[in-house]
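One structure below.
By convention in this document, chain letters (A, B, ...) are assigned in the order of the sequence lines, proteins followed by strands, and residues within each chain are numbered from 1.
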2 protein chains.
Amino acid sequence: MARAEKRPVTVRTIAEHLGVSPAAVSTVLANRHEERRLAPATVERIRQAVRELGYVPNVAARRLRAHDPEVRHAELGILTSFEAPLFLVSRTLRMVQEAVDARSTGGRKFSVSIDMFHAGRLAEMPGLLSASRFNGVIIANTLPDDDAFLRATTLPYAVVVQGRRLANYSCVLETPGEGGRQAAKLLRARRSVRPAVLVPALLTETTADRATAFASALQAAGQPQPARIQADGFSPAAGAAAVAAHLRREPDCDGIFAVTDTLALGALHALKAAGRAVPEKVAVVGVGDHEHADFFDPPLTCVGPAYERVVAEIVTLLFEVMNRRRVRPTEVFVPPSVVRRASA
Amino acid sequence: MARAEKRPVTVRTIAEHLGVSPAAVSTVLANRHEERRLAPATVERIRQAVRELGYVPNVAARRLRAHDPEVRHAELGILTSFEAPLFLVSRTLRMVQEAVDARSTGGRKFSVSIDMFHAGRLAEMPGLLSASRFNGVIIANTLPDDDAFLRATTLPYAVVVQGRRLANYSCVLETPGEGGRQAAKLLRARRSVRPAVLVPALLTETTADRATAFASALQAAGQPQPARIQADGFSPAAGAAAVAAHLRREPDCDGIFAVTDTLALGALHALKAAGRAVPEKVAVVGVGDHEHADFFDPPLTCVGPAYERVVAEIVTLLFEVMNRRRVRPTEVFVPPSVVRRASA
DNA sequence: GCTTGCGCCTAAATCGATTTAGCATTTCCC
DNA sequence: GGGAAATGCTAAATCGATTTAGGCGCAAGC
C-alpha cells in the first residue's frame, strides 16, 4: 500500500524527483515515448518512479486538457439509495440515456451515471454540495432524513426530485392519494371487509402517502380503518414474517395492500404457507415496482405510477432547469396506472 | 433549446460579451456577489447573459480548481450492460463502496459510480478509451462482441473483468465448468434422465460455459445429451414461452437447468401452466443471480458463484492494479456455491 | 488639500496534465 | 572540416473556473 504522503503525487512531483521535465513524465505515462524518442533508460527511470511514488492521475485535469473544445459536455447523475428497487433505477437510466442521446448533437454530449447513497444518509455523499461533479441530477428513493437535508440545502446545480415534494426543487410524483384510493377500490371490489396495509418500518414520503390515502379511502367508503402490518424492512422475508404474525392475530384478514412489491411477494408467500387462497380468501394489491410482478404466484395486481410518463416528465424538467428556462421549481403529478392481474 | 454555437460558452465568453472580467462572472455564478460587492445592476446583466448564452459549467475545470490538494481522489466505475441482472450490480456497488470506504483516509478518497452500456455495444461508450474518466473500472455482463473489443484494446487504466477470461486484463470468474457440473449432479440426484438446458439466444461467456459443462458432465456420466431450449431473450416471459414449446415437443422432459434465474422463473411458470409438479415431475436448477430466488414458487435451487467472494477478489485485484503492484494480468477462479431449495 | 475609506471591479496565479515548438548535442556523410 | 540529420530532452501554452491581492475613482473627514 502506498504510504500516505502529505501532498499528492503529480506529474511534477515525479519530474522533480528525477530531475526531468513534466513533459517527459507525461510522455511516458501516455506511452508515446517511442514516437517522441525518449531514451529507453529515461523511460525506465520514469516508470520506476511512477510505481514507487504511487502516482494516481487526476482525471479532472486530464479531462479539462483532453476534451474537444468544440463539444459541450454535460454530466448527469441519478442519485438513489442502495436500498431502492434497482430495476426501476436501471429503467430510469435507460430512459434518461435515450432522451439524452436524442438531444445529443455534434456540439453537445451527455454522460449519465448512477451514484448511490445509504438511505437516510444522502448528506454524507461526497461532492454533493460542490457543483463540481454534476451539471444535473435526478434524486430518487430518499428517506425523510434525506428530504429534510434537501429542504435545508439548495444544491448549486439542476435537480429534479422523484417521488416527493420539496418546495425548493422541481418534483415529479404520483398524484398524491391516488395510489391508496385505487388500492382501496380494488380491494372493495373483491369484497374485502377486513383489509390490512403492509408497510416497511421506514416509510418514504410516497409509501406513507399510499398508506394514509388507503386508510382514508376506506373511511370515506364507510369501512373500518385497515390494520397496519409493519415489516422490519423492505425484503420479501420481512414481509412474509410480518404477514404470518398478523394472520395469527387476525385470522379474518381478507385483503392486503402492500406499499412495495417486494413486501407483497413476501405476503403471497406467507398466505400460501398459511393455506389462504389468493385472491379467493385474501386479495393482494401491490404497487408495480417489481420487474417480475406478473410472474409472482399468483401474478400481482398493482396500482402504481406510470413509470414511462414519470421518467419522461423528469427528463423534460431536468433539461428545462439545466437550460435555465425554468427558474421557479414546479411539481408534476402523474396519475397511477392500475394493472389488474390475478391477485385481486 | 439553446442554439448550437460553434464554440462552447465559457465564463470568458460571457465576460467578453458583456465587457466585464471572468472574475465577475464567476463571482455571480457562485452567488458570492454580495460579499464581493458587485453592483446589483452588473449582477443582473451577468445573470441575463448566462441565461441567454446557455452557459453550461465545465465540471472538469471546476473540480480541478476546487479540489483539496491534500487529498488524492480516485474515480472508480462499474461498467455493466443495461440488460444485466441489476441486483448483482447494486450488490457489487455496495461491496465496492464498503471496501473503498475502508481504504479511505484523510488523504485518500474514492468515488464509485455505475455506468451502463447496451449489451454488445461497449465500444460505443464515450470516454472509454481516454483515461480521463476513471482511475479504475470493473467490467461485467459483457457479450461476445464486447469481449472481442476488449481483447483488441488495452484500456489505459486499471481494469478488472468479471465473469470472463480476457488475456490482457485481470479477471475474476466462477471456476470454469463447475457450475454446469454441479447442475448436472443436482438433476441426476433427482433421477432426471431427460434433462434440458434453457439458454438465451445471446450467450455470455459464463452462460455458454455453464451450458457446455452441463452437457459434458451428463455425457461423462453416461447420460444422453441434454435438449437445448433456446429462449428469445433473458426475461421470464421468453423463458416461459420457450419451455412451453419444448414441453409440447418433448413431453417426457424431467429436468431443466436454466442458465439464468429469470429464465428459470419463466420455466417454473410454464411448468405450472402445463400441470407438471416441480420438483416431482420436473426438477429445475437456476444459477443464483436473482435476488428473490427463494421466494419463487417453488423456491429455486441454484448453482452459482459465491458473489461475496467474487466481489472481494475483484476489489483486491482492482486496487493491486491501480497501485501498480500488479503488472501482469491474472485470473482468479471462485468455485460456485450450491443452494438447495425446493425446485431440485 | 490631503488622507482615509468605501464601492466596484480586474489582473494574474492556480489546479494537473498534455502537447507543440524548438533548443542543445551528437553523429553522419561527403 | 562543415553542413545536415538524428537524438533526447525542455519551456511554455493550454484547457475553464476560481480566488487572492490589489487598483481606481469618488466621497467623507480633518
Quiz item: For A:F110, what residues pass the ring-ring contact (aromatic ring centres under 6.0 Å, His included) criterion, not counting sequence neighbours?
Solution: A:F319
Quiz item: Partners of A:F117 by ring-ring contact (aromatic ring centres under 6.0 Å, His included), sequence neighbours excluded?
Solution: none
Quiz item: What pairs of residues pass the salt bridge (charged side-chain N to carboxylate O under 4.0 Å, His left out) test when at least one of them lies in residues 18-31 of chain B, not counting sequence neighbours?
Solution: none
Exercise. Return the set of residues passing side chain to side chain contact (heavy atoms under 4.5 Å, CB included) with B:L88 (not counting sequence neighbours), or none when no residue passes.
Key: B:P85, B:D289, B:Y307
Quiz item: Which part of the nucleic acid does B:R65 contact within heavy-atom distance under 4.0 Å: base, sugar-phosphate only, or nothing?
Solution: base
Practice problem: Tell me, please, the opening and closing nucleotides of DNA chain D, 5' to 3', among those with an atom under 4.0 angstrom from a non-hydrogen atom of chain A. | Solution: D:dT7 to D:dG16
Quiz prompt | Residue pairs passing the salt bridge (charged side-chain N to carboxylate O under 4.0 Å, His left out) test where at least one lies in residues 129-152 of chain A, sequence neighbours excluded | solution = A:D115-A:R133, A:R133-B:E75
Using a 3.5 Å cut-off and no angle test, enumerate the donor-acceptor pairs between side-chain atoms of residues 8-19 of chain B and protein atoms at least two apart in sequence or in another chain.
| from | atom 1 | to | atom 2 | distance (Å) |
| --- | --- | --- | --- | --- |
| B:T10 | OG1 | B:R12 | N | 3.2 |
| B:T10 | OG1 | B:T13 | N | 3.3 |
| B:T10 | OG1 | B:T13 | OG1 | 3.1 |
| B:T13 | OG1 | B:T10 | N | 2.8 |
| B:T13 | OG1 | B:T10 | O | 3.3 |

Dump every N/O contact between nucleotides 7-10 of chain C and the protein below 3.5 Å, one line per pair.
| from | atom 1 | to | atom 2 | distance (Å) |
| --- | --- | --- | --- | --- |
| C:dC8 | N4 | B:R37 | NH2 | 3.1 |
| C:dC9 | OP1 | B:T42 | OG1 | 2.7 |
| C:dC9 | OP2 | B:A39 | N | 2.7 |
| C:dC9 | OP2 | B:T42 | OG1 | 3.3 |
| C:dT10 | OP1 | B:S21 | N | 3.3 |
| C:dT10 | OP2 | B:S21 | N | 3.0 |
| C:dT10 | OP2 | B:S21 | OG | 2.9 |

Exercise. Find out whether B:F82 and A:L93 are in side-chain contact, i.e. whether some heavy atom of one side chain is under 4.5 Å from a heavy atom of the other.
Key: yes
Self-check item: Between the first and last five pairs of the helix from C:dG1-D:dC30 to C:dC30-D:dG1, the angle of the axes, rounded to 10 degrees
Solution: 70°
Quiz item: Does any pair with a residue in residues 30-39 of chain B pass side-chain hydrogen bond (donor to acceptor under 3.5 Å, both in side chains), and if so which ones, sequence neighbours excluded?
Solution: B:T27-B:R36, B:N31-B:R47, B:R32-B:E35
Quiz item: At under 4.0 Å between heavy atoms, what does A:S26 touch on the DNA or RNA strands: base, sugar-phosphate, or nothing?
Solution: base
Quiz prompt | Contacts of B:D101 that satisfy side-chain hydrogen bond (donor to acceptor under 3.5 Å, both in side chains) - sequence neighbours left out | solution = none
Quiz prompt | 5' precedence on DNA chain C between B:A61 and A:A30 (nearest-nucleotide basis) | solution = B:A61
Quiz prompt | Partners meeting ring-ring contact (aromatic ring centres under 6.0 Å, His included) with B:Y55 (sequence neighbours left out) | solution = none
Self-check item: Touch class at under 4.0 angstrom, heavy-atom based, for B:R63 against every strand present
Solution: nothing
